[in-house]
Amino acid sequence: MKKLLFVIPLFYLIYGCSSVDTKKLEEALINALQEIKSTDKKAAIRTYIDGLIQSVKGNSAEAVLDFQDALQLDPNAGIYYAMAKEFLRLNKINTAIQNINKAIELDSSNLDFYLLQGQLYTISRKTELAIETFEKIISLDSTNYQALFTIAELYEPSKPLKALKTYEKVVELIGPEWNVLIKIADLNERMGNVEKTISTVEELVKLNPTNLELKKLLIEAYIKSKNFDEAIALVDETLELFPNDLNLIEYKANSLVQLGKWDEGAKSYLILVKSDDITFENKLRVVSGFMDQADEDSSLVQYMKEMLLIMDADTAQWQVKVLMATIYAKENSDSLAVKYYQSAVQLAAWNEQVLVSACGYMFDNRFYAEAITELEAGVKNFPENFFINLLLAYSYSQKNEHSKAIPYFEKANYIRGNELSVLTAYGFSLNQLGKTDSALVILKKAVEIDSSNAQVFGMLGMIYDKNEDWEKCDAAYEKAVQLDSTDALLLNNYAYSLSERGLHLEKCLAMSQIAVEKEPENSSYLDTIGWIYYMLKDYPKAKEYIEKSLKRDGKNAVVHDHLGDVYAKMGNKKKAVEYWKKAFELDSSIKNLKEKIDKGDL
């Protein structure tokens with residue numbers, strides 16, 4: 001209504017007094033406008049003050065309404081600035097940005113306006129606009145350390161080097177301030193500037209020499225820069241104030257280990273492993289580190305074992321069982337290793353890799369029954385796992401339970417078609433079951449896949465030998481030996497096949513000698529070379545090797561039969577019959593054996 005009171009006389013002056021002097025009319029008009037403007041400003045100030053009062057009370061919505069009324073009376077930059085702050089409190093960021101931008105349009109020299117604009121752009125993640133704003137502030141005031149610090153934070157993710165230089169400029173302006181130095185240290189660490197990190201953190205320590213976290217940061221920097229002696233010295237100094245700090249103990253242990261002082265480091269690590277405040281994962285990490293080093297320094301195995309036994313007493317975790325098994329494997333304590341592997345498999349029944357690793361160890365160390373027990377359970381959980389099926393088939397095969405092995409060879413072959421390792425072992429089991437035709441089909445397929453595999457040809461030779469197809473037998477063995485003249489099994493099998501037929505005995509002896517040299521405790525190889533000496537009529541040598549074979553495999557019917565033949569040739573028919581009878585008890589199907597017993601001679 002006040003505006004109308006002034007407007008009406010104004011129209012009256014213009015249109016109602018045409019006789020008035022023009023100059024006086026203009027003066028009257030100007031005075032009237034000034035009076036209106038002055039009155040509006042006063043009203044705007046009162047309304048603006050009402051808004052400020054509401055703002056102080058925390059009533060941002062009411063404050064905004066008052067500021068809007070004030071803007072109607074006087075569109076002032078300061079009021080837009082106040083509006084922007086209230087909208088920020090109301091979390092209406094875009095509206096706040098619109099108001100602060102309006103304020104800057106009206107007054108582009110006010111640093112407070114730019115600071116709020118930069119804050120709003122930062123909150124709304126408009127990083128590039130925020131950077132532009134703070135760069136504007138710095139162009140207006142190059143000593144504004146608040147803007148420098150903020151823009152450095154904005155630079156950090158994408159422009160770390162620029163951020164670092166900006167933080168350094170802040171330090172030049174205000175001196176070694178804590179928050180800035182922390183930022184500088186962190187950036188130098190991220191950028192790999194370890195030496196600069198050290199010098200910065202050393203400055204920070206001077207500012208606050210009792211700050212534990214800061215000292216830890218400096219210790220870490222020393223370790224990263226391989227200044228292990230400095231790290232240990234600072235750890236020892238800090239431990240005097242904080243003797244039970246586990247991080248400090250770990251730093252010292254780590255530094256000692258890095259210096260090659262594994263024994264001293266182990267003592268510190270033992271403290272950590274015994275502590276209830278260290279997580280299982282961290283304890284496991286410590287022990288794993290020692291496990292790697294133990295390959296080079298066997299004296300550490302005892303420390304590892306002590307750590308693991310402590311952990312094993314506190315928790316039933318499969319990882320501990322696996323590591324314990326690994327230690328016992330290193331010590332050649334196979335039974336204990338298997339025991340812990342079994343525990344690991346039971347604790348981690350969901351973990352295929354643990355099962356495969358554990359049973360792979362059992363298989364390699366001839367714990368076939370134990371492997372079968374775990375694999376039979378595991379194959380139910382993981383029926384499509386190639387390695388589990390294959391290991392189970394191998395284990396049954398090694399126990400001569402070939403009928404049980406066949407289904408798992410078939411499954412493994414189905415999962416990973418025409419895998420050479422599967423086909424070879426599959427063919428072997430089929431042959432052992434007397435299914436020679438099926439075995440030949442499988443092995444010929446293996447030859448198609450890899451015609452340079454000596455084991456496949458060796459297997460073919462063995463089958464042809466069983467079928468008394470001597471031409472194919474010798475051809476297959478010759479091919480196998482040609483491909484690998486050092487394979488003990490191939491050489492033994494070919495030598496035995498030829499010697500049984502009385503062929504190429506000197507060649508047989510040479511092949512057999514290589515096999516025995518490679519595996520001097522192998523009962524089959526010892527029997528073969530003994531039998532070759534028998535065929536060469538060197539009966540004392542034959543007796544020597546066959547007796548050695550029998551000591552290693554006392555339940556082998558063929559070896560008993562051979563030793564009986566040797567005694568017969570040496571004139572000791574009583575001994576000969578004794579061994580033949582034992583052979584007959586073990587296997588009555590051996591050719592001519594009953595006839596020799598009845599006759600009492602060859």
Side-chain angles (χ1 to χ4, degrees), residues 77-78 80-82 84-85 88-89 93 96-97 99-101 103-222 224-225 227 230 234:
Y80 279 111
Y81 172 66
K85 289 197 292 184
L88 172 59
R89 289 174 184 169
I93 307 303
I97 289 172
N99 279 274
I100 196 61
N101 288 349
I104 291 171
E105 283 179 24
L106 295 170
D107 183 358
S108 61
S109 62
N110 191 308
L111 290 179
D112 288 337
F113 295 176
Y114 286 111
L115 285 169
L116 180 56
Q117 185 188 50
Q119 181 186 358
L120 290 167
Y121 282 143
T122 302
I123 292 170
S124 59
R125 298 183 181 180
K126 297 176 180 178
T127 305
E128 293 304 318
L129 290 174
I131 288 172
E132 285 181 21
T133 298
F134 285 108
E135 285 177 344
K136 177 68 176 176
I137 295 170
I138 294 164
S139 71
L140 294 171
D141 180 8
S142 61
T143 64
N144 190 312
Y145 63 86
Q146 183 181 355
L148 285 166
F149 184 84
T150 306
I151 200 171
E153 287 186 312
L154 293 169
Y155 286 147
E156 277 191 45
S158 58
K159 302 174 182 177
L161 186 58
K162 198 168 184 179
L164 185 60
K165 290 180 179 177
T166 307
Y167 283 129
E168 288 171 348
K169 189 171 182 181
V170 175
V171 172
E172 290 174 13
L173 288 170
I174 63 173
E177 203 276 331
W178 176 271
N179 290 331
V180 186
L181 289 174
I182 286 288
K183 291 282 190 179
I184 291 172
D186 181 59
L187 276 169
N188 276 317
E189 185 175 3
R190 279 171 50 194
M191 296 170 67
N193 301 329
V194 182
E195 294 303 325
K196 288 186 178 180
T197 302
I198 290 172
S199 61
T200 304
V201 179
E202 285 174 342
E203 284 291 324
L204 286 164
V205 171
K206 289 177 185 176
L207 290 173
N208 194 343
T210 60
N211 187 292
L212 176 61
E213 295 307 314
L214 196 58
K215 287 192 171 184
K216 287 181 180 180
L217 182 61
L218 184 53
I219 292 165
E220 286 179 2
Y222 283 142
K224 286 181 181 177
S225 63
N227 295 324
E230 289 89 339
L234 185 54

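Judged purely by atom type and a 3.5 angstrom limit, N144 uses its side chain to pair as donor or acceptor with the backbone of A147. No donor-acceptor pair under 3.5 Å is formed between the side chain of K165 and the backbone N or O of P160. No donor-acceptor pair under 3.5 Å is formed between the side chain of Y81 and the backbone N or O of L116. Side chain of T166 to backbone of K162: a donor-acceptor contact under 3.5 angstrom is found. A donor-acceptor pair under 3.5 Å links the side-chain atoms of S124 to the main chain of Y121, judged by distance alone.
Between A130 and G118, the shortest heavy-atom contact is CB-O, 3.9 Å. Residues Y155 and A163 approach most closely at CB-CB, 3.6 Å, considering heavy atoms. Nearest heavy atoms, I123 versus I93: CG2-CD1, 4.1 Å. Nearest heavy-atom pair, L115 versus Q146, reported as atom, atom and distance to 0.1 Å: CD1-OE1, 4.3 Å.
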Full working for side chain to side chain contact (heavy atoms under 4.5 Å, CB included) between L120 and K126: CA-CA 9 Å; L120 290 167; K126 297 176 180 178; over 6 Å; no
Candidate pair T122 and F134, rule side chain to side chain contact (heavy atoms under 4.5 Å, CB included), full reasoning: CA-CA 10 Å; T122 302; F134 285 108; 4.0 Å; yes
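Donor-acceptor pairing under 3.5 Å is recorded for the side chains of D107 and S109.
Side-chain contact between S108 and Y114: present, with at least one pair of heavy atoms (C-beta onward) separated by less than 4.5 Å. Residues Q119 and L88 meet the side-chain proximity criterion, which asks for heavy atoms closer than 4.5 Å.
In summary, of the residues considered (I100, D112, I137), a side-chain contact (heavy atoms from CB on, under 4.5 Å) with Q117 occurs for I100 alone.
Residues in residues 133-160 take part in these salt bridge (Lys or Arg N to Asp or Glu O under 4.0 Å) pairs, two or more places apart or across chains: E153-K183, E156-K183, E156-R190.
Note that NZ of K169 and OH of Y145 are 15.5 Å apart. Values are rounded to the nearest 0.5 Å. Annotation: the span from E220 atom CD to L234 atom CG amounts to 11.5 Å, rounded to 0.5 Å.
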